[in-house]
Amino acid sequence: MKVSNFPIFTQKDVPSEAEVISHQLMIKAGMIRKLSSGQYTWLPIGLKIIKKIENVIRKALNHIGCVEILMPSVQPSELWKESGRWDQYGPELLRFKDRHDRDFCLGPTFEEVITDLIRKDVSSYKQLPLNLFQISSKFRDEIRPRFGVMRAREFIMKDAYSFHESQESLDSTYELYKSAYTNIFQELMLDFTIVDADSGNIGGNESNEFHVIAETGEDDLLLDNNLNGMNFEIAKLKYKENDIQSIIKDTGMVHKKGIEVGHIFKLGQKYSESMKAKITNKDSKIINMFMGCYGIGITRIVAAAIEQNNDEKGISWPKPLCPFDAVIIEIDGDKNIEIRKHSEDVYNSMLKNQLDIIYDDRKVSLGNKFKDWELIGLNNIIIIGKNESINKTVTYKNRKNETKEEMSIENMVNVVRG
RNA sequence: CGGGGUGUAGCGCAGCUUGGUAGCGCGGCUGGUUUGGGACCAGUAGGUCGUAGGUUCGAAUCCUAUCACCCCGACCA
């Protein structure tokens, strides 16, 4: 991609409402813009990072036999009334009527819709277990959206659902998701932990949360030395104590703040019972299916990753999240045809090597280009100016360790590949 | 919903107390000089002062209502 075709929207100042570093940097780096409270437009750079995360998740879920579908975001109230949540779910559920005066809501989660889907198409244990996921926008009318996309009203979430003939099957699938999630967050190079959790509004009987450890996290975690533990809600129940300090004193655990990026639940038969999702089992008996559900907050991961990966220059992406493999910073290409030609050559040979490159062909000064790409967080910076065009080389600069070296195109390609 | 705060150019802000010509920095555009780390000079565009009503000869400024946004709290995959 060339910047002339791939607009970047960096800016120096940041609106005073952006409190946390990830929110500030996402605005400065031109990843998001606010539409209204808790609602954000994703600009090209930001969307690219979302796609990276999505693909890591897709790969890991496909690996455990989970297949992608896509469900409508506007859901009829009938299903929610059937499950009982139309009355339970409070004002977080955004409700409205269509032209026929029929009640609908914007989907905050999809247990009802998928249970309806499966009960219509699955009738035998022979069709189970079954694992489906989707990646889509969810809407929750949060009391107080904050911290940019960290707690937004509209956000992108991966939600997966599993269906089983028995508790044992659910149990073993639950463990599969747990390990798949562990792989996903490891691959994204996030510093995270898994804690015991409360199943909240979703229902069910067992649940784990995946938290990115960060000062700006909204959740309180109580962890042992190996960073295993539970969230505060569970700790209060378990130790019959409402004060964090007292729990720490009694148990020797440490208190950390976490950003909840994943949550897995064993739903059991809660929804299959209320919504009559039945199958015939091996013994020719009609039973309610067992279900699990498994969420990952994709847009929240973007913010969480930035909370963990930033410095005075801006964002410093871990490799799997980095929006481009490298940037070509051209000096005076608009004035010197030789420089322009050499840049094009380097760009084309990198494309041939399957590298995802952004070529900054703007007519702005070197310093501006550096500042922009260091802010956006690319680690591999390729400089091409007069010297390089004469020598038929490039100068490679590494954002993290500040090294700078003139080298051949072949060497540079190998370095960028890492 | 309770408490607090803010709405003035794309962004950051001043002006409001004490009513009288709409300002500054950054950013944008044009021209020139620059150019290996956010350059400089000159010029220029851009504002129903959130909205509606009221007081007044006159309102960004005072009064009332309303909307939006932010912070603290309660709530929450």
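Since this is a predicted model, take the numbers as computed values, not measurements. Naming: A, B, ... by sequence-line order, numbering from 1 per chain.
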Checklist entry - Sequence neighbours excluded, which residues qualify as salt bridge (Lys or Arg N to Asp or Glu O under 4.0 Å) partners of A/Lys249? => result none
Next on the checklist: Can you tell me if A/Ser365 touches the phosphate of B/A39, counting only side-chain N or O atoms and a distance under 4.0 Å to OP1 or OP2?
Outcome noted: yes
Item to check | Where at least one partner belongs to residues 407-418 of chain A, residue pairs that pass salt bridge (Lys or Arg N to Asp or Glu O under 4.0 Å), sequence neighbours excluded | outcome: none
Next on the checklist: Applying a 4.0 Å non-hydrogen cut-off, can you work out what A/Tyr294 is touching in the nucleic acid: base, sugar-phosphate, or nothing?
Outcome noted: nothing
Checklist entry - So what does A/Gln11 touch, heavy atoms closer than 4.0 Å: a base, only the sugar-phosphate, or nothing? => result nothing
Checklist outcome for this item: A/Tyr181 meets the ring-ring contact (aromatic ring centres under 6.0 Å, His included) criterion, sequence neighbours left out, with A/Phe210
Checklist entry - Expressed as a whole number of Å, how far does the C1' atom of B/U66 sit from that of B/G7? => result 14 Å
Checklist entry - Hey, does A/Lys386 reach any base, or is it just sugar-phosphate, or nothing, if we go heavy atoms under 4.0 Å? => result base
Checklist entry - With sequence neighbours left out, what residues match A/Asp356 under salt bridge (Lys or Arg N to Asp or Glu O under 4.0 Å)? => result A/Lys48
Checklist entry - According to the Watson-Crick and G-U wobble definitions, with both distances under 3.5 Å, which nucleotide is paired to B/G20? => result B/C57
Next on the checklist: I'd like to check the side chain to side chain contact (heavy atoms under 4.5 Å, CB included) partners of A/Lys81; sequence neighbours left out, ordered by chain and number.
Outcome noted: A/Ser77, A/Trp86, A/Asp103
Checklist entry - Which one is paired to B/C76, where only Watson-Crick or G-U wobble pairs with both distances under 3.5 angstrom count? => result none
Item to check | RNA chain B-proximal residues of residues 373-385 of chain A, any heavy atom under 4.0 Å | outcome: A/Glu374, A/Ile383, A/Gly385
Checklist entry - Which residues pass the salt bridge (Lys or Arg N to Asp or Glu O under 4.0 Å) test with A/Lys178, sequence neighbours left out? => result none
Checklist entry - So what does A/Gly262 touch, heavy atoms closer than 4.0 Å: a base, only the sugar-phosphate, or nothing? => result nothing
Item to check | Sugar-phosphate, base or nothing in reach of A/Asp159, heavy atoms under 4.0 Å | outcome: nothing
Next on the checklist: Using a strict heavy-atom distance below 4.0 Å, which residues from residues 234-244 of chain A are in contact with RNA chain B?
Outcome noted: none
Next on the checklist: Between the side chains of A/Asp219 and A/Lys257, is the shortest nitrogen-to-carboxylate-oxygen separation below 4.0 Å, so that they form an ion pair?
Outcome noted: no
Next on the checklist: For A/Glu54, is there an ion pair with A/Lys51 - N to carboxylate O distance below 4.0 angstrom?
Outcome noted: yes
Item to check | Complement of B/U34, any strand, by Watson-Crick or G-U distances under 3.5 angstrom | outcome: none
Next on the checklist: At 4.0 Å (heavy atoms only), tell me whether A/Glu402 reaches a base, stays on the sugar-phosphate, or touches nothing.
Outcome noted: nothing
Checklist entry - Using the C1' atom in both, what is the distance from B/G50 to B/A60, to the nearest Å? => result 12 Å
Item to check | ring-ring contact (aromatic ring centres under 6.0 Å, His included): pairs with one or both residues in residues 26-62 of chain A, sequence neighbours excluded | outcome: A/His23-A/Tyr40
Next on the checklist: Using a 4.0 Å heavy-atom cut-off, does A/Val364 contact any base of the nucleic acid, only the sugar-phosphate backbone, or nothing at all?
Outcome noted: nothing
Checklist entry - Quick one: salt bridge (Lys or Arg N to Asp or Glu O under 4.0 Å) pairs with a partner in residues 155-173 of chain A, sequence neighbours left out? => result A/Lys138-A/Asp159, A/Asp171-A/Lys266
Next on the checklist: Need the pair for B/A45. Rule: Watson-Crick or G-U wobble, both distances under 3.5 Å, any strand; none if unpaired.
Outcome noted: none
Checklist outcome for this item: Contact string for nucleotides 40-48 of chain B, one letter per nucleotide 5' to 3', B = base within protein heavy-atom range under 4.0 Å, S = sugar-phosphate only, - = neither, reads ---------
Next on the checklist: Within the 4.0 Å heavy-atom criterion, would you say A/Leu366 contacts the bases, only the backbone, or no part of the nucleic acid?
Outcome noted: sugar-phosphate
Checklist entry - Would A/Phe6 and A/Phe324 count as a close aromatic pair, with their ring centres under 6.0 Å? => result yes
Next on the checklist: Can you list everything that forms a salt bridge (Lys or Arg N to Asp or Glu O under 4.0 Å) with A/Glu260? Sequence neighbours excluded, please.
Outcome noted: none
Checklist entry - Taking a pair as Watson-Crick or G-U wobble with both distances under 3.5 Å, which nucleotide is matched to B/A68? => result B/U6
